[in-house]
Asks: 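The structure is given below, and queries will be raised subsequently.
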Protein chains: 2
Amino acid sequence: MKDKILLAHGSGGRMTRELIRELFQPYLHNQYLDKESDAAILKQLSGKIAVSTDAFVVNPVIFPGGDIGKLAICGTINDLAVSGAKPHSITASFILEEGLRKTELEQIVASMSSEIKNLDIALIAADTKVVPSGLCDKIYITTTGIGTVIPGLEQVSTGKGIQAGDRIILSGTIGDHGAAIFCARYPEDILTTIVSDCACLYPLIEKISSFGTGIRFMRDPTRGGLATVLCEVAENQDWGLTIKENLIPVRNEVAGLCDLVGLDPLYLANEGKFIMVAAESISNEVLTALRSHPLGKNACEIGVVTRENPGRVILETPIGGTRLLTMLSGDPLPRIC
Amino acid sequence: MKDKILLAHGSGGRMTRELIRELFQPYLHNQYLDKESDAAILKQLSGKIAVSTDAFVVNPVIFPGGDIGKLAICGTINDLAVSGAKPHSITASFILEEGLRKTELEQIVASMSSEIKNLDIALIAADTKVVPSGLCDKIYITTTGIGTVIPGLEQVSTGKGIQAGDRIILSGTIGDHGAAIFCARYPEDILTTIVSDCACLYPLIEKISSFGTGIRFMRDPTRGGLATVLCEVAENQDWGLTIKENLIPVRNEVAGLCDLVGLDPLYLANEGKFIMVAAESISNEVLTALRSHPLGKNACEIGVVTRENPGRVILETPIGGTRLLTMLSGDPLPRIC
């Protein structure tokens, strides 16, 4: 049993400390965690502060292109980045299932460490609880990110400045994460391996951070997919969105899987993409900037903001028809993140 | 099934929004959450920032004196308060079990709302995931608290200023939370009802915040209990702690339960108490200030910092013997918080 997590590892006593020192500290230690105090103390942050939190319960916990650890860092940091914030630090709380193999936990922690180092942020606070076998699916992680809002991008989290004529830009292909999770769940039935797009978007968003108020809005289409996010943006507004279906990039293998099993890529989760509404005057420059970064090489314009159809999202199909997009209803693929 | 949580409530689509609007917003809505954006944007905070995070997996989720919602607010806010910080805001992520009754969730959310209002803080960000029935025990909650460090109390989270002659002060009786959870788990065998001490300590700590550097250290003895916290404080230091057992306040019913079932109150969790190391010169004034608040009415001095026994915690028993305290080993009572 020495290679497995035990209930006593969550006691807050000697074994909790042993677990932290053996498994977490080698990957995650820093000036904050090394103090082993109840709260991290940060220097004053200059400017407005952005805060986001998410729980991650993805199944399986390790999948092509990532794992729950990478996802827990990227997912929360992406929420900050699309809100116009430079990430500063992150916290993580772990709920572990009794019996979890330490090697599996170590792989997850190592992958968190790698993302944290790439972003040059700090894990400032952490917590570990253990629940009896069966009351958790290996591991759940909640992360909370703290960042500082980049001057000029205060508007992007609410999209208050969106107006008719603005362009809708997508940073790359859609559906990769959802499709990857689907394939990973049914490896015997689905022979294709699709790699998740799980990635931290801040380095890409940094490329366009100087465009200021011309960037009206950003959001990452995770749960619910592109269609749900577009509907959320347009809801109750006095403008509408028109999207051209043939401009939305979908990888061949993702499109093929969707055809085969009856999924719609418009509703599949993404974990390394964002949509943006940008003023028409800067949209070409924005696209050039996005395409200069590997994470944005497939960036493209997919539609426009219109005076017509207020509050609605209209999809123009390749054969000349139109379809009204609605939010995801039900859940074809639970526990995607 | 309309009164139960379904997997689709965690989809990120229409049903997630319905759940938020039906159950969370009536209790928790504010200027931050109403924006429904990916991250909350706060004004610049003045001074050093304290951040703490904790996952809560307590069983049962509702117990005499509190529930997992109250505990999730108090537990994290207490970590800020004992670090010398005034709480400013909090985030919450919920992992819900498919099939959870909405009335039970509502009771928990209402109790979070009540604590948040009493503290005059804001819930600035939240997230909800749903996992299949059996993969969670009703509900797990992770909260992350953000506060600003009170000038003069920068030292209390690490205790670097502790020196021989300082006094050890306990804010009240120990073991109430652990004993309450134990009784709640075995209601048919244990006929006593013990009420948890679950409470937000900030209003009490505010009473002594003007004492400045005379307050050397504070910590709340939650998991692992008083003994484990004292051992953590003393570990690797060039001073020791001597505690007088007969000065430690324990409620009669808690002491009785411990005798009956073989638990040690020194290792039982507390959720509304803190220990403090204070300079001898201010210890009487500190005690008077603590006792002026209902949460501190049983505050007392329980021991001293000594030049002898460096790194160790010595318990002097009522019959004149001594016992070396060690950290909690194993876990007599898992999932206490």
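Treat the numbers as computed from the prediction; the structure is a model and nothing was measured.
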Asks: Which one, Thr222(A), Val130(A), Ile41(A), leads in non-hydrogen pairs under 4.5 Å with chain B?
Replies: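 Highest number of pairs under 4.5 Å: Ile41(A).
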Asks: Select one option (side chain, backbone, both, neither) describing which atoms of Thr128(A) are under 4.5 Å from chain B's heavy atoms.
Replies: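 Just its backbone gets close to chain B.
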Asks: Apply the test ring pair (Phe, Tyr, Trp, His ring centres under 6.0 Å) to residues Phe24(A) and Phe94(A): give CA-CA distance (whole Å), side-chain angles for both, the deciding distance (0.1 Å), then the verdict.
Replies: CA-CA 11 Å; Phe24(A) 288 97; Phe94(A) 299 85; 4.8 Å; yes
Asks: Please look at Val51(A) and chain B and tell me whether the side chain, the backbone, both or neither of the residue comes under 4.5 angstrom of a heavy atom of that chain.
Replies: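 For Val51(A), heavy atoms of backbone and side chain both lie under 4.5 Å from chain B.
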Asks: Given the options Asp331(B), Asp79(B), Leu328(B), Leu135(B), which has more heavy-atom pairs under 4.5 Å with chain A than any of the others?
Replies: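 Of Asp331(B), Asp79(B), Leu328(B), Leu135(B), Leu135(B) has the most heavy-atom pairs under 4.5 Å with chain A.
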Asks: Between chain A and each of Ser89(B), Ala55(B), Ala92(B), count heavy-atom pairs under 4.5 Å; write down the option with the most.
Replies: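 With the most close heavy-atom pairs to chain A, the winner is Ala55(B).
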Asks: Quick check on Leu333(A) against chain B: is it the side chain, the backbone, both or neither that has a heavy atom closer than 4.5 Å?
Replies: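 When you check distances to chain B, no heavy atom of Leu333(A) falls under 4.5 Å.
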Asks: Measuring heavy-atom distances to chain B, does Ala85(A) have an atom under 4.5 Å in its side chain, in its backbone, in both, or in neither?
Replies: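 Neither the backbone nor the side chain of Ala85(A) comes within 4.5 Å of chain B.
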Asks: If you define the side chain from C-beta out and look only at heavy atoms, does anything of Thr143(B) sit under 4.5 Å from Ile141(B)?
Replies: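 Heavy-atom side-chain distance check passes, below 4.5 Å.
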Asks: With chain B as the partner, which of Ala8(A), Gly159(A), Ala40(A), Gly224(A) has the greatest number of non-hydrogen pairs under 4.5 Å?
Replies: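 Looking at each option in turn, the highest pair count goes to Ala40(A).
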Asks: In terms of heavy-atom pairs under 4.5 Å, which option from Val57(B), Ile124(B), Thr16(B) contacts chain A the most?
Replies: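 Ranked by contacts with chain A, first place is Val57(B).
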Asks: Would you call Ile90(B) and Ile77(B) a side-chain contact if the rule is heavy atoms closer than 4.5 Å?
Replies: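 Yes - at least one pair of side-chain heavy atoms lies under 4.5 Å apart.
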Asks: In terms of heavy-atom proximity below 4.5 Å to chain B, should Asp220(A) be classed as side chain, backbone, both, or neither?
Replies: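 Looking at Asp220(A), backbone and side chain both touch chain B.
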Asks: Please classify the contact between Glu235(A) and chain B as side chain, backbone, both or neither, with a heavy-atom cut-off of under 4.5 Å.
Replies: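 It is the side chain, since no backbone atom gets that close.
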Asks: Side chains of Ser93(A) and Thr142(B): donor-acceptor distance under 3.5 Å anywhere?
Replies: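 Looking only at side-chain atoms, Thr142(B) and Ser93(A) do form a donor-acceptor pair, the distance falling under 3.5 Å.
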Asks: May I ask you to name which of Pro334(B), Gly13(B), Gly12(B) has the most heavy-atom pairs under 4.5 Å with chain A?
Replies: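 Maximum pair count with chain A is reached by Gly12(B).
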Asks: Taking atom types as modelled, is there a side-chain donor on Ser157(B) or Ser83(B) under 3.5 Å from an acceptor on the other?
Replies: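 No donor-acceptor contact under 3.5 Å links the two side chains.
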Asks: Counting heavy-atom pairs under 4.5 Å to chain A, which of Arg219(B), Lys48(B), Met218(B), Arg223(B) comes out on top?
Replies: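 Most pairs with chain A among the choices: Arg223(B).
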Asks: For the interface with chain A, which of Ser52(B), Gly145(B), Gly84(B) has the highest count of heavy-atom pairs at distances below 4.5 Å?
Replies: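 The candidate making the most pairs under 4.5 Å is Ser52(B).
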Asks: For Asn30(B) and Leu123(B), indicate whether the former's side chain and the latter's backbone hold a donor-acceptor pair under 3.5 Å.
Replies: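 Yes; at least one donor-acceptor contact below 3.5 Å.
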Asks: Heavy-atom pairs under 4.5 Å with chain B: which of Glu36(A), Gln44(A), Glu232(A) has the most?
Replies: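 Heavy-atom pairs under 4.5 Å are most numerous for Gln44(A).
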Asks: Check whether Leu7(A) gets within reach of chain B through its side chain, its backbone, both or neither, counting any heavy atom under 4.5 Å.
Replies: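 Leu7(A) touches chain B through backbone and side-chain heavy atoms alike.
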Asks: Under 6.0 Å from the CZ atom of Arg335(A), do we count more than 12 heavy atoms belonging to anything else shown?
Replies: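 Yes, because the 6.0 Å sphere around CZ of Arg335(A) holds more than 12 heavy atoms from other groups.
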Asks: With distance as the sole test, does Asn236(B) use its side chain to make a donor-acceptor pair with the main-chain N or O of Ala234(B) at under 3.5 Å?
Replies: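 No.
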Asks: Does a sphere of radius 6.0 Å around CZ in Arg312(A) hold more than 12 heavy atoms from other residues, nucleotides or ligands, not counting ones at 6.0 Å or beyond?
Replies: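 Atom CZ in Arg312(A) is not crowded, with 12 or fewer foreign heavy atoms closer than 6.0 Å.
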Asks: May I ask you to test the Leu324(B)-Val313(B) pair for a side-chain heavy-atom distance under 4.5 Å?
Replies: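 They are not in contact (no side-chain heavy atoms under 4.5 Å apart), so the answer is no.
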Asks: Quick one: what part of Val229(A) sits under 4.5 Å from any heavy atom of chain B, side chain, backbone, both or neither?
Replies: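 When you check distances to chain B, no heavy atom of Val229(A) falls under 4.5 Å.
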Asks: Who among Leu45(A), Thr158(A), Leu80(A), Asn78(A) has the most heavy-atom pairs with chain B under 4.5 Å?
Replies: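 Top option by heavy-atom pairs under 4.5 Å: Leu45(A).
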Asks: Please rank Thr228(A), Val131(A), Val149(A) by heavy-atom pairs under 4.5 Å with chain B and give me the top one.
Replies: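 Heavy-atom pairs under 4.5 Å are most numerous for Val131(A).
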Asks: Per the side-chain hydrogen bond (donor to acceptor under 3.5 Å, both in side chains) rule, what does the pair list look like for residues 145-156 of chain B, sequence neighbours excluded?
Replies: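 Applying side-chain hydrogen bond (donor to acceptor under 3.5 Å, both in side chains) to every pair that reaches into residues 145-156 of chain B, excluding sequence neighbours, yields nothing.
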Asks: If we ignore hydrogens and angles and just use 3.5 Å, is the side chain of Glu98(B) paired with the main-chain N or O of Pro132(B) as donor and acceptor?
Replies: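 No, because the side chain of Glu98(B) does not come within donor-acceptor range (under 3.5 Å) of the backbone of Pro132(B).
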